[in-house]
Amino acid sequence: MAMPNKVITIQSDLDIVAARMAARDMAKSMGFGAIDQARIATAISELARNIYLYAGEGTVTVSEIQQGLRKGLQVVCEDQGPGIEDISLVMQDGYTTSKGMGMGMPGAKRLMDEFEIESIVGEGTKITCRKWKRP
Amino acid sequence: MTSYYQMFKQHEEVIVDRVINALQTQIPTYGSMPRDDVRKRVIAGLDPYARDLDNDKPQAFPDYWRQTSYVRAQQGIPIGAFLEVLLVSTDIMIKSLRTAYADSPADQINVIEKGHQITTAAIAAVYEGFQQHKDEIISSQTYALAEVSSPIVPVYEGVLVLPLIGSIDSMRAGQIMESLLESINTYSADVVILDITGVPVIDTGVANYLLQAARAARLLGSTVVLVGIGAEIAQTIVQLGIDLTGIITRANLQSGIEYALDLQGLAIRPR
């Protein structure tokens, strides 16, 4: 069954807003509650900002998924940026290579239910995260 | 040999009439327009087309459409309707001239080739005209938005309220910081209340801007109070792990103002 999905190209500050609005709209139409909508929007805001800050450009794909009876929202953030050398380090609270707070990645993980990072140095990064709808 | 323009002039009346009929039957806005008004427009449009048939490169006709489409865009006419007018009238123009050159296949081919070039250039020009109008709208809105985006409201001596509305990106954060610090100086404010009721998402980037603003304000001897954190924003802030202990927070604008007055030994009391 084809599920709706939306691809947003991240090239500027404004695209971050577009990405989180797309995710929030989809979450809303799927019937996620206000708090989960805010969680999803905030997580995407973090991940999309990372794409913009570290890779310059990339894509965010938001899609509806289904596993058995439960429905969920999946977000895939991909870029062809520098990649992440030590994934365990970026997942630590407070670690940053820019002037940020160093809370974005671990924070986004806490906001979502599932969170996977694949990254090859020099080739790029792909982050897949999901939020399941509570029955 | 007569030029294409002369040939057009010889048949002008018939061609213009055909175009007017086609426009008035096919395009609703022209159907309700007085025939003389349509005639003026058609003549103004076809003349540069005929001139361009004799030119090496299309010039007069695309120029005409670039200007006209800019004006039409300002009037709010959709680009699709506008392109239809262009296509209908150029089609009739070419067909009529081909009939006029019935005994000269070389001229017919020439008219078709040239006509194609001119029409294509005019379509591009229509888009340019529309784009120019859109660009002007966008840049004027950007200015307008920047002006309304960070108003500073002095509510009492030494107390400022800064209501933040919409998404905060790095450019806006810079503007907010600037106007915040400026007005602390201008109003010699002791307390600045940042109201984030209207900010849909507080991520680490935005939180960082807010903390920086609070720190900078403190350097000027002013206290920042953050108000208007909604229930869902509070949850996401905690889960993100953002530490806002550096900023004083209050539930809403009212408690923020009460706190600010209290700092100065004042209070709002019933009479």
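Chain letters run A, B, ... following the sequence lines, proteins first, then strands; residues in each count from 1.
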### Student check: side-chain heavy atoms of B:Ile152 and B:Leu162 closer than 4.5 Å
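Yes - at least one pair of side-chain heavy atoms lies under 4.5 Å apart.
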
### Query
Do A:Tyr95 and A:Pro106 touch side chain to side chain, with heavy atoms closer than 4.5 Å?
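No, too far: nothing below the 4.5 Å cut-off.
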
### Message
What part of A:Arg39 gets within 4.5 angstrom of chain B, counting heavy atoms only: side chain, backbone, both, or neither?
### Response
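For A:Arg39, the contact with chain B is made by backbone and side chain together.
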
### Query
Which answer fits A:Ala108, side chain, backbone, both or neither, if we ask what part of it has an atom under 4.5 Å from a heavy atom of chain B?
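Looking at A:Ala108, just its backbone touches chain B.
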
### Task
Assess whether side-chain hydrogen bond (donor to acceptor under 3.5 Å, both in side chains) is satisfied between B:Asp63 and B:Gln67, documenting all intermediate values.
CA-CA 6 Å; B:Asp63 278 350; B:Gln67 286 163 18; 6.0 Å; no

### Message
Under 4.5 Å from any heavy atom of chain A, what part of B:Ile202 do you find: side chain, backbone, both or neither?
### Response
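For B:Ile202, the backbone is the part near chain A, not the side chain.
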
### Query
Which bit of B:Gln239 is near chain A, if near means a heavy-atom gap under 4.5 Å: side chain, backbone, both or neither?
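Both backbone and side chain of B:Gln239 come within 4.5 Å of chain A.
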
### Query
Among B:Leu240, B:Ile233, B:Val206, which residue forms the greatest number of heavy-atom pairs with chain A at distances under 4.5 Å?
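Most heavy-atom pairs within the cutoff with chain A belong to B:Leu240.
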
### Query
Any idea how B:Tyr70 and B:His133 line up, ring-wise: parallel (<30°), tilted (30 to 60°), or perpendicular (>60°)?
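Ring orientation of B:Tyr70 relative to B:His133: perpendicular.
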
### Query
Between B:Phe61 and B:Trp65, what is the ring plane arrangement, given parallel below 30°, perpendicular above 60°, and tilted in between?
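Taking B:Trp65 first and then B:Phe61, their aromatic rings stand perpendicular (interplane angle over 60°).
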
### Among the listed options A:Arg110, A:Arg24, A:Lys109, A:Met21, the residue most often paired with chain B at heavy-atom distances under 4.5 Å
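Among the listed options, the one with the most contacts to chain B is A:Arg110.
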
